[in-house]
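These numbers come from the heavy atoms of this one structure, side chains and all, not from hydrogens, waters or symmetry mates. Being a predicted model, the structure only gives us computed values, none of them experimental. By convention in this document, chain letters (A, B, ...) are assigned in the order of the sequence lines, proteins followed by strands, and residues within each chain are numbered from 1.
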Amino acid sequence: MKEYDHKKIEKKWQDIWEKKGIYRAQDKSKKPKFYGLIEFPYPSGAGMHVGHIRSNTAMDIIVRKRRMESFNVLYPIGWDAFGLPTENYAIKTGIAPSKVTKQNTDIFRKQLKAIGFSFDWSREIDTTDPKYYKWTQWIFLQFLKNGLAYKAKMTINWCPKDKIGLANEEVVGGVCERCGMQVEKREKEQWMLAITKYADRLDKDLDEVDYLPQIKLAQRNWIGKSDGTEIDFKIKGHDSVIKVFTTRPDTIFGATYLVLAPEHEMVQKLKSQITNWSEEVEKYVKEVKNKTDIERTNEDKVKTGIELKGIKAINPANKEGIPVWVADYVLPHYGTGAIMAVPADDERDREFAEKFKLPIIKDYKKAGFEDFGKRITKFKLRDWVFSRQRYWGEPIPVVFCDKCGTIPVPEKDLPVELPKVKNYQPTDSGESPLANISKWVNTKCPKCKGKAKRETDTMPNWAGSSWYYLRYVDTKNKKEFADKKNLKYWTPVDWYNGGNEHTTLHLLYSRFWHKFLFDLKLVPTGEPYKKRTSHGMILADDGTKFSKSKGNGVNPEDVVKNYGADSLRLYEMFMGPFDQAVSWNRDGMVGPRRFLERVWKISQKLSKNSSLSVLKLLNKTIKKVGEDIDAMRFNTAISSMMVLVNEMDKEEVGVKDYKKFLQILAPFAPHITEELWNMLGEKKTVHLSLWPKVDESLLEDKEIKIVVQINGKVRTEIMINVDESEEEIKKQVISNDIVLKFTNGGEVKKVIYVKNRLINIVL
RNA sequence: GCCCAGGUGGCGGAAUUGGUAGACGCGAUAGACUCAAAAUCUAUUGAUGGCAACAUCAUGAGAGUUCGAUUCUCUCCCUGGGCACCA
């Protein structure tokens with residue numbers, strides 16, 4: 001072929017690669033393994049997004065390089081297909097979510113294949129496949145067996161639009177994370193997972209993993225570990241105590257009053273002794289209860305509160321009776337829901353004390369505090385609300401029997417499959433649409449064989465994604481979620497890249513599930529991911545998010561058609577630093593495409609040997625590209641290859657050296673490099689060839705240029721020999737014509753020499 | 001309000017972590033090729049002054065440390081993201 005035509009080569013090689021199975025991971029291998037993971041996509045009806053391509057290409061480049069470094073690589077793909085958009089689509093159109101999911105995954109698969117990602121397609125998984133969610137349900141039963149799944153009646157966040165209960169983690173700024181609707185409060189029986197039991201380990205074990213510092217910090221802030229002291233305050237004339245949590249137990253001598261959250265259980269217990277109960281306190285407590293979190297916290301910092309008259313607590317430090325208040329700025333779910341106020345030391349407490357004329361003790365002694373409480377660790381993290389009143393999720397495998405109570409579905413009866421329904425709308429009472437299918441709901445109790453009802457709640461879509469990386473190591477296993485030997489060989493994941501938006505939700509949940517499975521000795525490591533990085537978003541050319549309503553999306557298929565997958569991959573890697581958000585530029589595709597055309601053109605003019613300048617630059621580039629890939633600096637890797645191609649364009653290039661260049665370009669542009677590699681007579685794929693070695697002897701120059709500064713300003717540059725001594729170089733510089741012009745007989749105060757870089761003369 | 005990123009030509013961005021600011025790419029201008037256009041090639045391209053050699057200024061603003069600051073310190077302004085009175 002004389003000219004580069006991506007249409008003739010891309011599909012061709014994709015088919016050959018698939019037929020030969022060159023990207024298949026080998027479960028039995030003596031090679032060292034490398035498990036590279038991307039977050040499996042949600043197959044939305046809109047098809048693949050340019051953002052998917054950016055993150056998938058990055059990991060694709062990394063795993064392709066690892067293969068060329070003789071690693072046995074696992075780079076799998078699947079579908080995180082349960083979720084609201086598909087269900088909402090079903091509500092609108094009446095089309096079954098399973099059918100929509102099938103359509104969407106077919107589109108996604110075709111689109112992903114057209115980009116040339118080196119996924120091992122033989123391991124494709126789908127969270128909505130009963131063969132997969134059988135094991136999601138099975139893991140839930142293990143949680144239940146071990147007391148980590150429990151039912152609780154609790155105030156939940158209720159989205160009136162989605163008609164669904166939301167986990168605290170899914171409420172962003174008081175509104176539903178998905179639809180933006182103001183969240184209400186409702187009482188509801190919910191399945192919960194006790195993630196808080198793992199809070200300490202989830203925090204501590206971050207020390208063992210290689211996550212980006214920001215990611216660790218975000219997880220730590222979310223878990224919110226804080227060490228402090230729990231102190232009992234006795235109540236005068238009452239036998240119970242108010243437990244207070246403080247990080248500053250040394251300030252107890254300055255504590256002049258207590259504040260309880262209005263929801264605090266002691267408020268109800270002390271009711272009969274509170275003299276202003278009916279006229280003030282009761283009303284205030286009710287008001288707070290009706291407030292959403294956002295109203296409660298958005299009061300322009302004007303604090304409200306009511307004193308519980310008739311109640312006095314005793315400060316254990318000085319035995320003085322102090323007043324007790326309720327105020328909504330104290331939250332029931334953090335600490336003990338009660339604080340001791342030290343207005344002399346704490347800004348909020350002072351503000352509150354000044355407003356309500358409470359005593360402030362300025363000088364108090366700070367010694368001897370340790371006797372008054374016990375050391376304790378508190379976390380912000382709350383248990384995970386695991387129930388959804390929706391159709392399109394894994395049914396929670398539990399039945400309710402009047403005689404026997406809540407009974408888990410026996411493991412042999414898994415999976416509990418989703419039945420077909422006619423109407424996907426949640427019921428008016430907010431129950432799952434499953435509640436309407438009496439045939440499915442009414443069942444036999446596994447224990448007494450009497451009448452029983454199935455749980456109609458389903459799992460949140462975080463469930464299937466909490467363990468999918470484990471299934472990839474053994475996707476077809478019918479006996480267990482994955483074979484132990486496979487787990488031992490492949491896990492942990494060596495490198496996991498994903499979106500920033502998942503650093504507190506998905507990442508934390510999957511670490512929690514993993515630790516639980518580790519405790520049951522079902523997985524061999526305490527952490528699922530050795531290394532975690534994250535990518536920046538791709539924004540529209542105006543710097544805002546892509547959105548359907550604006551119609552500013554970019555269709556990757558059009559780009560592939562016009563420019564080719566290789567150009568698209570290169571552009572997305574070249575457009576900016578990988579961890580930062582970048583704007584899509586319609587004209588940006590041109591540069592990478594031209595680059596590939598020049599790469600092609602050079603193949604038509606190869607000689608026997610390369611010029612020295614090409615040889616030197618090639619070596620430098622091999623080194624830089626290798627380092628840049630490992631550090632995810634794809635943009636500079638590409639620019640250095642562009643510099644090399646510019647040089648090769650002008651100079652003589654030998655076949656052997658050109659092939660080395662093809663090898664380092666191969667992870668970025670797999671199709672064109674394979675075609676050229678093949679055209680040059682290679683029979684085996686470039687993608688399993690050995691990554692070229694750097695010839696260190698070619699990296700160093702004997703003659704180098706150094707910069708000459710006078711008083712810190714660049715005035716000229718000179719060539720020096722690397723073997724020359726500092727003395728000789730200084731002498732040479734001082735007698736330089738241009739330097740003499742500036743020194744002009746003046747006194748040289750100081751000469752600073754930075755080896756092989758610059759020399760600065762201070763006058 | 002607090003925390004984390006970030007602010008560099010017309011645009012996306014680079015800068016060996018204190019050592020030539022603007023690599024690489026896009027765009028633009030001029031020329032070559034062409035009947036013409038596209039593509040390609042060649043040259044120029046931060047600003048100001050100058051015929052030129054060159055000089056001065058310039059990395060959000062202002063100060064500081066230093067022989068030397070895009071890089072370090074302080075104050076302030078702006079953009080994006082996260083958290084929401086956390087005891």
Visitor: With rounding to the closest Å, how many angstrom separate the C1' atoms on B/G9 and B/A47?
Guide: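 After rounding to an integer number of Å, I get 9 Å for this pair.
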Visitor: Decide if atom CD of A/Glu597 counts as having more than 12 heavy atoms of other residues, nucleotides or ligands within a radius under 6.0 Å.
Guide: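 More than 12 heavy atoms, drawn from other residues, nucleotides or ligands, come within 6.0 Å of this atom.
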Visitor: It should be established whether A/Arg586 places a side-chain nitrogen or oxygen under 4.0 Å from OP1 or OP2 of nucleotide B/C26.
Guide: no
Visitor: Indicate, with a heavy-atom threshold strictly under 4.0 Å, whether A/Val754 touches base, sugar-phosphate, or nothing.
Guide: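 Since a base atom lies under 4.0 Å of A/Val754, the category is base.
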Visitor: When the C1' atoms of B/U65 and B/G18 are considered, how many whole Å apart are they?
Guide: 12 Å
Visitor: Regarding A/Thr503 and A/Gln219, do their side chains bring together a donor and an acceptor under 3.5 Å, going by distance alone?
Guide: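 The answer is no; no qualifying pair exists.
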Visitor: Of all the choices, B/C26, B/U20, B/C41, which nucleotide is nearest to the side chain of A/Arg598 once you look at every atom?
Guide: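 Shortest atom-to-atom distance from the side chain points to B/C41.
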Visitor: If I take atom CG in residue A/Leu596 and atom P in nucleotide B/G25, what distance separates them, rounded to the nearest angstrom?
Guide: 13 Å
Visitor: The side chain of A/Lys601 lies closest to which of these nucleotides: B/C41, B/G19, B/A14?
Guide: B/C41
Visitor: Can a donor-acceptor pair under 3.5 Å be found between the side-chain atoms of A/Gln580 and the base atoms of B/G6?
Guide: no
Visitor: In terms of side-chain heavy atoms of A/Val762, which of B/C67, B/A14, B/C4 is nearest?
Guide: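 Of all the options, the side chain of A/Val762 is nearest to B/C67.
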Visitor: Please give the distance between the C1' atoms of B/G81 and B/A87 as a whole number of Å.
Guide: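 These two C1' atoms come out 27 Å apart once rounded.
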Visitor: For the side chain of A/Phe574, counting heavy atoms from C-beta on, which of B/C24, B/C85, B/G19 is nearest?
Guide: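 For A/Phe574, the side-chain atoms sit closest to B/C24.
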Visitor: For the residue pair A/Arg593 and A/Asn562, confirm or rule out a side-chain donor-acceptor distance under 3.5 Å.
Guide: no
Visitor: Side chain of A/Ile752, heavy atoms from C-beta onward: which of B/G19, B/A87, B/A55 has the nearest atom to it?
Guide: B/G19
Visitor: If only side-chain N and O atoms of A/Lys380 are considered, is one of them under 4.0 Å from the OP1 or OP2 phosphate oxygen of B/C85?
Guide: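 For B/C85, OP1/OP2 do not have a side-chain N/O of A/Lys380 under 4.0 Å.
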Visitor: For B/G6 and B/U16, measure between their P atoms and round to the nearest Å.
Guide: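 14 Å, rounded to whole Å.
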Visitor: Within the structure shown, what part of the strands sits under 4.0 Å from A/Asp579 by heavy-atom distance: base, sugar-phosphate, or nothing?
Guide: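 Since no nucleic acid heavy atom lies under 4.0 Å of A/Asp579, the category is nothing.
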Visitor: Assign the ring pair A/Trp325 / A/Phe356 to parallel, tilted or perpendicular, where the plane angle (0 to 90°) is split at 30° and 60°.
Guide: tilted
Visitor: Between C1' on B/U16 and NZ on A/Lys620, what's the gap in Å once rounded to a whole number?
Guide: 10 Å
Visitor: Where do A/Lys7 and A/Asp5 land on the salt bridge (charged side-chain N to carboxylate O under 4.0 Å, His left out) test, with the steps shown first?
Guide: CA-CA 5 Å; A/Lys7 285 180 188 152; A/Asp5 181 356; over 6 Å; no
Visitor: Given B/A23, B/C85, B/G19, which nucleotide is nearest the side-chain atoms of A/Leu758?
Guide: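 The listed nucleotide nearest to A/Leu758's side chain is B/G19.
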Visitor: Base, sugar-phosphate, or nothing for A/Arg715, non-hydrogen atoms under 4.0 angstrom?
Guide: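 Since only primed, P, OP1 and OP2 atoms lie under 4.0 Å of A/Arg715, the category is sugar-phosphate.
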Visitor: Decide whether A/Arg569 and A/Thr57 meet the rule of one side-chain donor and one side-chain acceptor closer than 3.5 Å.
Guide: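 There is no such pair (donor and acceptor under 3.5 Å, judged by atom type) between the side chains of A/Arg569 and A/Thr57.
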Visitor: Quick one: which of B/C24, B/A87, B/C85 gets closest to the side chain of A/Phe245?
Guide: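 That would be B/A87.
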Visitor: I'd like the P distance from B/C24 over to B/G68, given in whole Å.
Guide: 30 Å
Visitor: Rounded to the nearest Å, what distance is computed from the CD1 atom of residue A/Ile706 to the P atom of nucleotide B/U16?
Guide: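 Atom-to-atom, A/Ile706 to B/U16, this comes out as 20 Å.
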Visitor: Crowded around A/Glu696 CD? As in, over 12 foreign heavy atoms under 6.0 Å?
Guide: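 Count over threshold, so yes.
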Visitor: Output the pairing pattern of RNA chain B as a dot-bracket string, 5' first, Watson-Crick or G-U wobble with both distances under 3.5 Å, | for cross-strand pairs, [ ] for crossing pairs.
Guide: (((((((..(((......[....)))((((((.......))))))((((....))))..(((((..]....))))))))))))....
Visitor: Of the candidate nucleotides B/G13, B/A87, B/G19, which contains the atom at the shortest distance from the side chain of A/Pro577?
Guide: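 Of the candidates, B/G13 comes closest.
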Visitor: In this structure, how many angstroms lie between the C1' atom of B/G25 and the OH atom of A/Tyr563, rounded?
Guide: 14 Å
Visitor: Check whether the ring centres of A/Tyr563 and A/Tyr571 lie less than 6.0 Å apart, and answer yes or no.
Guide: no
Visitor: Considering only the P atoms, how many Å lie between B/G10 and B/A28, rounded to the nearest integer?
Guide: 16 Å
Visitor: RNA chain B: A/Thr247 or A/Leu217, which has the more 5' nearest nucleotide?
Guide: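 It is A/Leu217, whose closest nucleotide lies nearer the 5' terminus.
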Visitor: Say we look at B/U71 and B/G64: how far apart would their P atoms be, to the nearest angstrom?
Guide: 15 Å
Visitor: Rounded to whole angstrom units, what separation is found between the NZ atom of A/Lys650 and the C1' atom of B/U42?
Guide: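 Result: 12 Å.
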Visitor: 5'-most contact on RNA chain B: A/Ser640 or A/Ala581, nearest heavy atom basis?
Guide: A/Ala581
Visitor: Using the ring pair (Phe, Tyr, Trp, His ring centres under 6.0 Å) criterion, which residues pair with A/Phe578? Sequence neighbours excluded.
Guide: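 A/Phe578 satisfies ring pair (Phe, Tyr, Trp, His ring centres under 6.0 Å) with A/Phe634 once adjacent residues are dropped.
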Visitor: Determine the contact category for A/Lys705: base if any of its heavy atoms lies under 4.0 Å from a base atom, sugar-phosphate if only primed atoms, P, OP1 or OP2 are that close, otherwise nothing.
Guide: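 Here A/Lys705 touches the bases of the nucleic acid.
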Visitor: Looking only at the side chains, is there a donor atom on one of A/Thr304 and A/Tyr329 sitting less than 3.5 Å from an acceptor on the other?
Guide: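 Short answer, no.
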Visitor: Taking CG from A/Asn562 and P from B/A39, how many angstroms apart are they, rounded to a whole number?
Guide: 15 Å
Visitor: Between B/C85, B/A23, B/A21, which nucleotide has the shortest distance from any of its atoms to the side chain of A/Val714?
Guide: B/A21
Visitor: Counting just side-chain N and O atoms, does A/Asn646 come under 4.0 Å of either OP1 or OP2 of B/G25?
Guide: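 For A/Asn646, the contact criterion (side-chain N or O under 4.0 Å from OP1 or OP2 of B/G25) is met.
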Visitor: So, is A/Lys750 close to the B/C67 phosphate, meaning a side-chain N or O under 4.0 Å from OP1 or OP2?
Guide: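 So the side chain of A/Lys750 is within the cut-off, an N or O lying under 4.0 Å from OP1 or OP2 of B/C67.
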Visitor: With C1' as the reference atom in both, quote the distance from B/U70 to B/C26 in angstrom, rounded to an integer.
Guide: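 Straight-line distance between the two C1' atoms is 23 Å.
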Visitor: Would B/G50 be called syn or anti here, given the cut-off of 90° from 0?
Guide: anti
Visitor: From the list B/A87, B/C26, B/C24, which nucleotide is the closest neighbour of the side chain of A/Ser226?
Guide: B/A87
Visitor: To the nearest Å, give me how far apart CD1 (A/Ile252) and C1' (B/A87) are.
Guide: 13 Å
Visitor: Tell me the interatomic distance from A/Arg757, atom CZ, to B/U20, atom C1', rounded to whole angstroms.
Guide: 10 Å
Visitor: Less than 3.5 Å between a donor and an acceptor, one on the side chain of A/Asn760 and one on the base of B/C67, is that the case here?
Guide: yes
Visitor: Quick one: list whatever passes side chain to side chain contact (heavy atoms under 4.5 Å, CB included) with A/Ala666, sequence neighbours left out.
Guide: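 Result, side chain to side chain contact (heavy atoms under 4.5 Å, CB included) vs A/Ala666: A/Thr673, A/Val686, A/His687.
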Visitor: It should be established whether A/Asn635 places a side-chain nitrogen or oxygen under 4.0 Å from OP1 or OP2 of nucleotide B/A14.
Guide: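 The answer is yes; a side-chain N or O of A/Asn635 sits under 4.0 Å from OP1 or OP2.
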